[in-house]
Number of protein chains: 2
Amino acid sequence: MELSVKEVISRCPLFARVKPEHLQPLIDIATVHRLEPDQRVFNQGDPCPGVFIVANGLVRIFKLAPTGKEYVLHLVSPGQTFAEVAAIGGYPCPANAQAIAETTCVLLPTEPFMTILRTQHELCLEIMTGMCAWVRTLVGLLEDITLRDATSRVARMISDLTNTAAGDVQLPAMKKHMASHLNLTSETLSRTLRRLADLGVIESDNQSLRVIDQEQLKSIAVGELM
Amino acid sequence: MELSVKEVISRCPLFARVKPEHLQPLIDIATVHRLEPDQRVFNQGDPCPGVFIVANGLVRIFKLAPTGKEYVLHLVSPGQTFAEVAAIGGYPCPANAQAIAETTCVLLPTEPFMTILRTQHELCLEIMTGMCAWVRTLVGLLEDITLRDATSRVARMISDLTNTAAGDVQLPAMKKHMASHLNLTSETLSRTLRRLADLGVIESDNQSLRVIDQEQLKSIAVGELM
DNA sequence: CGAATACTTGAAATTATTCAAGGGCCGTGG
DNA sequence: CCACGGCCCTTGAATAATTTCAAGTATTCG
């Protein structure tokens with residue numbers, strides 16, 4: 001199923017409410033990029049190519065420590081954008097980006113995008129709203145990592161996933177990447193899922209989970225009991 | 001030293017580049033608030049009163065866990081703003097705000113502020129730039145907390161403080177609040193400062209620090225050796 | 001001066017990580 | 001079709017980092 005550039009952009013929440021006549025300039029500057037699994041999109045410190053919109057596939061944005069440890073900041077799924085903050089703020093890329101599946105992206109290159117943004121007030125407001133949501137997500141991540149223990153974090157992640165799709169949940173990425181996003185090792189994630197399964201809160205199949213006791217899952221997620 | 005509302009707004013980086021004629025509407029809606037030490041400005045979940053600009057004093061923005069543990073997300077010093085993301089995004093307050101000194105704030109109330117923002121493209125662009133910087137800060141915090149150990153984090157904090165003011169550094173807030181911001185207990189911060197002092201990297205007076213060996217401090221900050 | 005609160009320090013406890021090994025899944029190539 | 005190699009995931013035991021608990025000292029403010 002191939003999407004047109006127009007469809008990709010207009011399905012992206014960040015641009016969904018932009019009027020068609022204001023959308024056209026964006027479509028005109030857009031380029032399409034096909035990425036192989038494991039292919040790097042950019043590295044930390046690179047000049048920012050522009051705003052990427054994921055059409056399909058999956059991209060991970062991650063930071064690398066000198067020790068080699070990596071932290072997955074964002075798993076970017078279809079309809080979501082990445083690098084928009086660096087593009088708008090005029091920063092170099094603050095992290096590395098890598099496709100972790102066969103992926104197609106639409107790119108709105110920095111310079112022409114900024115030119116449009118400087119003249120399109122409506123677009124500007126939409127982007128700002130989107131950025132507010134991103135800030136909120138980041139604050140949520142910080143809260144999660146600083147205030148909750150491993151069990152709560154994992155429970156919360158599962159809870160969030162089931163809010164989107166009920167019943168059987170497919171993990172969006174490899175467990176090691178999910179673990180990193182929660183600032184855990186994959187070993188700890190593995191053990192935690194085991195414990196939740198032993199408690200009868202979830203069933204943990206290989207690549208998918210099923211929530212058995214939503215009540216208890218949520219109470220674990222907010223940090224009560226264990 | 002009393003500042004006028006106009007001065008407070010125009011000294012704030014977020015509004016500094018807004019042209020005087022566009023500044024006036026903001027001045028017109030602004031209200032001034034005087035806060036006693038320890039006084040709450042708002043609590044998590046409250047409807048967002050608007051954009052606060054700190055004129056002088058200090059405000060801490062913090063999250064509270066059910067366990068009672070708190071995480072200091074932001075120590076807001078004069079010239080900085082807080083609650084702007086909630087105001088613009090239309091969210092309730094995502095955290096608690098409390099003055100931790102005699103503080104004066106200028107408040108731009110949500111509704112009129114948003115009305116202005118919806119018509120002032122220039123202002124919108126400025127705010128967006130400011131929000132990019134805030135995202136960057138948050139990502140930096142996440143990186144710090146997930147990728148570095150206690151010693152590196154403390155070294156980095158000191159290093160950042162000395163970039164602003166050379167030589168003798170006054171800590172902007174109580175050590176327990178600084179510790180919380182780095183996701184450490186005050187005990188760990190205390191011990192870490194002790195260790196850095198024993199290594200001859202810093203001198204740790206009561207409320208102020210002095211950097212002795214900037215080279216080594218930076219190498220510890222990026223995670224090399226100990 | 002006295003009380004309250006912040007800070008420091010030591011020892012014990014805890015959480016999560018690291019190290020190590022085995023099992024399972026998948027794609028490649030015989 | 002099956003065997004092999006690679007990588008991911010799981011599990012256990014040991015380790016390490018930070019927290020917690022507890023006590024004492026210092027500082028500030030009334």
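The model shown is predicted, which means the values in this text are computed figures rather than measured ones.
One interatomic measurement links the two molecules: CG of A:Leu189 to P of D:dC8, which rounds to 14 Å at whole-angstrom precision. What separates CD of B:Glu187 from C1' of D:dA22 is a distance of 10 Å, to the nearest Å. Between the NE2 atom of B:His177 and the C1' atom of C:dT5 there is a distance of 12 Å, given to the nearest Å. Here C:dC19 presents its P atom at 13 Å from NZ of A:Lys69, a figure rounded to the nearest Å. In this structure, CG of B:Leu209 is placed 12 Å from P of C:dC7, rounded to the nearest angstrom. In this structure, B:Leu171 places its CG atom 13 Å from C1' of C:dA6, rounding to the nearest Å. Nucleotide C:dT17 holds its P atom 13 Å from the OH atom of A:Tyr71, rounded to whole Å. Regarding B:Met174, its CE atom lies at a distance of 17 Å from the P atom of C:dA4, rounded to whole Å.
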Give me the distances for all protein-to-nucleotides 12-14 of chain C N/O pairs that come in under 3.5 Å?
none

Tabulated below should be each protein N or O lying under 3.5 Å from an N or O of nucleotides 13-18 of chain D; please produce it.
residue : atom : partner  : partner atom : Å
D:dT18  : OP1  : B:Ala150 : N            : 2.8

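Shortest non-hydrogen contact noted between A:Ser152 and A:Ala221 is CB-O, 3.7 Å. Scanning both residues, B:Leu73 and B:Trp134, for their nearest heavy atoms gives O-CH2, 4.4 Å. A:Gly57 and A:Pro78 make their closest contact through O-CD, 3.3 Å (heavy atoms, listed as atom of the first residue, atom of the second, distance). For the pair B:Leu108 and B:Phe15, the tightest heavy-atom approach, listed with the atom from each and the gap, is CD1-CZ, 3.8 Å.
Annotation: salt bridge (Lys or Arg N to Asp or Glu O under 4.0 Å) contacts of B:Arg194 (sequence neighbours excluded): B:Asp198. Partners of A:Thr188 by side-chain contact (heavy atoms from CB on, under 4.5 Å), not counting sequence neighbours, listed by chain and number: A:Ala150, A:Leu184, A:Thr185, A:Thr192. Shown here are the salt bridge (Lys or Arg N to Asp or Glu O under 4.0 Å) partners of B:Glu7, two or more places apart in sequence or in another chain: there are none. Scored by the side-chain contact (heavy atoms from CB on, under 4.5 Å) test, B:Leu14 finds B:Cys12, B:Thr81, B:Ile127 as partners (sequence neighbours excluded). Looking at residues two or more places apart in sequence or on another chain, you find a salt bridge (Lys or Arg N to Asp or Glu O under 4.0 Å) between B:Glu203 and B:Arg210.
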For residues 34-50 of chain B, run the donor-acceptor check on the side chains, cut-off 3.5 Å, and write out each pair with its distance to 0.1 Å, sequence neighbours left out.
residue : atom : partner  : partner atom : Å
B:Arg34 : NH1  : B:Thr104 : OG1          : 3.4
B:Gln39 : OE1  : B:Glu36  : N            : 2.8
B:Arg40 : NH1  : B:Asn43  : OD1          : 2.3
B:Asp46 : OD2  : B:Asn43  : N            : 2.8

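Heavy-atom neighbours of B:Lys175 NZ from other residues, nucleotides or ligands within 6.0 Å: above the threshold of 12.
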Exercise. Let me have a per-nucleotide readout for nucleotides 23-30 of chain D, 5' to 3', with B, S or -, counting only protein heavy atoms under 4.0 Å.
Key: ----S---
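OP1 or OP2 of D:dC8 lies within a sub-4.0 Å distance of a side-chain N or O belonging to A:Lys176.
Two residues are said to be in side-chain contact when any heavy atoms from C-beta on lie closer than 4.5 Å; B:Val169 and B:Ser208 fail this criterion.
Counting only residues at least two apart or in different chains, side-chain hydrogen bond (donor to acceptor under 3.5 Å, both in side chains) contacts with residues 60-77 of chain A comprise A:Arg60-A:Glu70, A:Arg60-A:Gln98, A:Lys63-B:Glu143, A:Lys69-A:Asn183, A:Ser77-A:Gln80. Pairs passing the ring-ring contact (aromatic ring centres under 6.0 Å, His included) check and including a residue from residues 198-219 of chain B, sequence neighbours excluded, do not occur.
Remark on the helix from C:dC1-D:dG30 to C:dG30-D:dC1: inter-end axis angle 40°, axes from five-pair C1' superpositions, rounded to 10°.
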